[in-house]
Amino acid sequence: MTPSSSSPARTRFAPSPTGMLHIGGVRTALYDWLLARKTGGQFVLRIEDTDRGRYEAEAEQSIVDSLRWLGLDWDEGPDIGGPHAPYTQSQRLELYQDSVKKLLASGAAYEDDTTPEELEELRQRQKAAGTPPGYDNRGRHKTAEQIEESRAKGLPIVVRMKVPDSGTLKFDDVVRGQVEFDFSLLQDFIIMKSDGYPTYHLAHVVDDHEMGITHVIRGEEWIPSTPRHILIHQALGWDYPTYVHVPLILGSDRSKLSKRHGAASALEYRDQGYLPEAVFNFLALLGWSPGDDTEVMSRDEIVQRFSVERILQHPAIFDSEKLLWLNGVHIRGLALDDLQERVLPVLERAEADGGLPDSVARPLNRDYVRKLLPLVHERLKTLNEVTESLSFFFVDDVNPDPEAIPGRKSDPATATGYLQKSLELLKTVEPFEPEHLEAEFRALAEKLDVKPGPLFTPIRVAVTGSTMAPPLFDTVSAIGRDRVMERIEKALQLLATQGSATNA
RNA sequence: GCCCCGUUAGUGUAGUGGCCUAACACGUCUCCCUUUCAAGGAGAAGAUCACCGGUUCGAAUCCGGUACGGGGUACCA
């Protein structure tokens, strides 16, 4: 067992609230959480809101909601505080300023008054000359007097980190192994913007150190800037954490997953009727596996078996079909009580939001729902499907397509005859229980000398309005004699009017 | 352009030098069960392990190159 998975790890998820929390980000948070729980450490939530231009207040809420929904609880965070509060970077500005002062004092960093316009001009020239773009470190040669002059004139001043002109930097990544970079390719980079806010590079380094973070788990897009982060750690005299760069999640076209690929936020999956444990399970498997063929796992099992060493190096494509399957598996594994609890809110939503028709009175009869659930339990792939599969049990009227009533292998005239016979039987059959009903109807089929199909299909369509439904006699029994007979009579009328229409 | 990372069936993964005539799962197809739809069961198709070369008695596994894909190259994170 390696140290990284045996000693308590302090991990952090540090999203920037600039939009909907992406499913890729959620997976990173999942790995953070998993490592912390696995090792008996702590999971910290920190909001990195240093980009004032892109800040969105709602984004922060969606981050919190997403993590909560998936059960990724944090031990320290902006809402609950902790020993290193505050956990929002815009409230920790003095801390970054202190570090900047130290870096300035030691000569590791310097102030630079190069304006954005000058930078743009430089870029244009490099582009025209065909040379690699990048800052030319001109600020290194500015004198203190020059900077003061610019400051007095109100010009923007930034602080840049000085990068060595030559040499290489190697670091070990848990996922990639040893990664090596050449300093000569890196330019002096900004650690403090002219608005006084730190850049990500500085802020997260200071916070990770100050908060005692042991493992930085983040997307692989951060690999190229890791040398900067190590440089800052070293200049401040700090050890740097263990880096775990996880592969990206791609859409079906192999580009970075985005809104174009359909539901991209965790909350959309919630709204579509996915179980948090299924999404949890699925996301864990996107870039990690326990090492054998086990796929369906509970949260606890995943915590049990998780290790950062087994995180894959290559990106994965998000396969929504497999998620759908896995969701069905998890739904089938739910106890009836649990299922009922999750499904009731769906059914009782407004019709426009995917609930039962508004004509159905709320609250629903719990006992009735409870009785129906077993009929559809194993058929559900999402929670939301419950509305459609149970709707005909609740509405007054169902509207079958007349052409669908006879079924594929029969015709309206035959179906009419069968429905009439069925009506007679239904009038008197007793008890009105599934088993007895089935026995009686099978006997009727024999008497009529037909297979069950042509007899049962018209009943099913008449009663449920659909060719696809739960087992017929459970359904008939649950709906009750009177309503079943009403619906069959209505179907007979439909067949009659349709017949006369085609004859005319 | 330059730098970094990656590459096993359509997809997710297993595989860490001989057990690989490459396994499992999703998806697809066929059949069984069956009143429909699911679920379940049995099977099938689908991969020259990106390509080329090297190391080795032996390579999906190690090394090099090429191709392709992705990422980075901001006073975004």
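In what follows, every chain begins at residue 1, and chains take the letters A, B, ... in the order their sequences are listed.
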Query - Side-chain-base donor-acceptor pair under 3.5 Å for A:Lys381 and B:A38 - result: no
Query raised in the report: Is there a donor and acceptor pair closer than 3.5 Å between the side chain of A:Arg379 and the base of B:C37?
Result: yes
For a quick check of understanding: with a heavy-atom distance under 4.0 Å over all strands, which category does [X] fall into, base, sugar-phosphate or nothing?
X: A:Pro454; result: nothing
X: A:Leu186; result: nothing
X: A:Arg442; result: base
X: A:Tyr197; result: nothing
X: A:Pro247; result: nothing
X: A:Gln313; result: sugar-phosphate

Query - A:Phe282-A:Phe318 aromatic ring centre distance below 6.0 Å - result: yes
Which nucleotide wins on minimum distance to the side chain of [X], given the candidates [options]?
X: A:Pro132; options: B:C26, B:A39, B:G1; value: B:G1
X: A:Arg176; options: B:A25, B:U36, B:G6; value: B:G6
X: A:Leu185; options: B:C3, B:G12, B:U13; value: B:C3
X: A:Asp319; options: B:G1, B:U13, B:G10; value: B:G10

Report task. Give a yes or no on whether the backbone of A:Ile190 and the side-chain of A:Thr199 come within a donor-acceptor separation of less than 3.5 Å. Result -> yes
**Report entry** Flag for A:Tyr135-A:Asp112: side-chain donor and acceptor within less than 3.5 Å
**Finding:** yes
Report task. Please report the C-alpha distance between A:Trp288 and A:Tyr31 in whole Å, then the side-chain angles of each, then the deciding distance to 0.1 Å, and finally whether the ring pair (Phe, Tyr, Trp, His ring centres under 6.0 Å) criterion is met. Result -> CA-CA 9 Å; A:Trp288 171 83; A:Tyr31 287 169; 7.4 Å; no
Requested in this report: Can you spot which of A:Glu118, A:Arg123, A:Glu117 makes a side chain to side chain contact (heavy atoms under 4.5 Å, CB included) with A:Glu120?
Outcome: A:Arg123
Using Watson-Crick or G-U wobble geometry with both distances below 3.5 Å, tell me the partner of [N], or none.
N: B:U48; result: none
N: B:C76; result: none
N: B:A22; result: none
N: B:G53; result: B:C63
N: B:G69; result: B:C5
N: B:U34; result: none
N: B:A39; result: none
N: B:U16; result: none

Report task. Can you establish whether the number of heavy atoms outside A:Glu301 located under 6.0 Å from its atom CD is more than 12? Result -> yes
Query raised in the report: If every non-hydrogen atom of A:Asp113 is compared with every non-hydrogen atom of A:Ile157, which pair is closest and at what distance?
Result: CB-CD1, 3.7 Å
Requested in this report: Locate the shortest heavy-atom distance separating A:Pro452 from A:Arg442; write the atom from each residue and the value.
Outcome: CG-NH1, 3.6 Å
Report task. Could you tell me how the ring of A:Phe473 sits relative to the ring of A:Phe456: parallel (under 30°), tilted (30 to 60°) or perpendicular (over 60°)? Result -> perpendicular
Report task. Determine the Euclidean distance between corresponding P atoms of B:U48 and B:U61; express it in Å to zero decimal places. Result -> 15 Å
Report summary line: Contact string for nucleotides 66-77 of chain B, one letter per nucleotide 5' to 3', B = base within protein heavy-atom range under 4.0 Å, S = sugar-phosphate only, - = neither, reads ----SBS--BBB
Requested in this report: Using a strict 4.0 Å threshold on nitrogen-to-oxygen distance, state whether A:Glu424 and A:Lys421 make a salt bridge.
Outcome: no
Query raised in the report: Who pairs with A:Arg332 by side-chain contact (heavy atoms from CB on, under 4.5 Å), at least two apart in sequence or on another chain?
Result: A:Val329, A:Glu378
Pairs: protein N or O with nucleotides 47-50 of chain B N or O, under 3.5 Å:
none

